[in-house]
Amino acid sequence: RQHLFSPSLTNGSLAATAQGGLWLSKQSSRPPSVVVDEHAEPFVRKGRNVFHAFVLSVDENLKQGDICLIYNQDGDQVWLPTDISPSKSV
């Protein structure tokens with residue numbers, strides 16, 4: 001058994017755990033993704049925010065509040081956050 005998701009106490013949605021993020025990344029219909037450069041990666045791995053200057057690409061269908069996967073330039077998953085900005089503003 002793996003703990004993949006936990007309920008959010010603020011809005012009733014599900015929040016993915018680190019294992020849940022890995023599971024999501026392997027699905028055929030996976031969440032939108034964001035690619036960050038090498039300077040942002042250490043901060044992202046610690047759960048910090050990313051400034052738009054360090055974002056290399058964003059899936060165009062990413063909407064505010066969506067779960068998304070964050071990858072580095074090599075395609076390795078870095079973090080699983082909840083997005084706070086629409087893709088057009090990044």
Side-chain angles (χ1 to χ4, degrees):
R1 260 183 160 204
Q2 295 182 356
H3 180 192
L4 302 178
F5 301 94
S6 294
S8 170
L9 300 177
T10 57
N11 64 10
S13 65
L14 291 177
T17 64
Q19 288 178 340
L22 289 174
W23 179 83
L24 282 169
S25 71
K26 295 174 184 170
Q27 303 308 304
S28 59
S29 176
R30 67 182 206 190
S33 62
V34 173
V35 178
V36 297
D37 76 6
E38 70 274 3
H39 302 293
E41 184 176 350
F43 298 99
V44 174
R45 287 189 181 277
K46 293 178 183 178
R48 305 271 169 82
N49 293 334
V50 179
F51 292 103
H52 71 280
F54 301 104
V55 174
L56 301 176
S57 68
V58 178
D59 282 352
E60 63 183 45
N61 60 344
L62 183 63
K63 298 184 305 283
Q64 185 174 353
D66 284 352
I67 289 176
C68 68
L69 302 173
I70 296 184
Y71 293 94
N72 63 18
Q73 291 172 285
D74 297 326
D76 300 322
Q77 185 177 343
V78 178
W79 193 255
L80 176 98
T82 299
D83 177 61
I84 58 167
S85 302
S87 62
K88 289 183 172 73
S89 70
V90 179

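Note on V44 and V55: same hydrophobic cluster, where clusters join Ile, Leu, Val, Met, Phe, Trp and Tyr whose side-chain heavy atoms are under 4.5 Å apart, directly or indirectly.
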Stepwise side chain to side chain contact (heavy atoms under 4.5 Å, CB included) check, F43 with F51: CA-CA 11 Å; F43 298 99; F51 292 103; over 6 Å; no

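Using modelled atom types, one side-chain atom of H3 and one backbone atom of F5 make a donor-acceptor pair closer than 3.5 Å. Distance alone, capped at 3.5 Å, places no donor-acceptor pair between the D59 side chain and the N61 backbone. Panel note: side chain D37, backbone H39; a donor-acceptor pair is recorded below 3.5 Å.
Atom-to-atom distance recorded for R45:CZ and Q77:CD is 9.0 Å, nearest 0.5 angstrom. Note that CG of D74 is 9.0 Å distant from CD of E38, once rounded to the nearest 0.5 Å.
Nearest approach of Y71 to V78, heavy atoms of both residues: C-CG2, 3.7 Å. Listed here is the closest heavy atom pair of L62 and V58: CD2-CG1, 3.7 Å.
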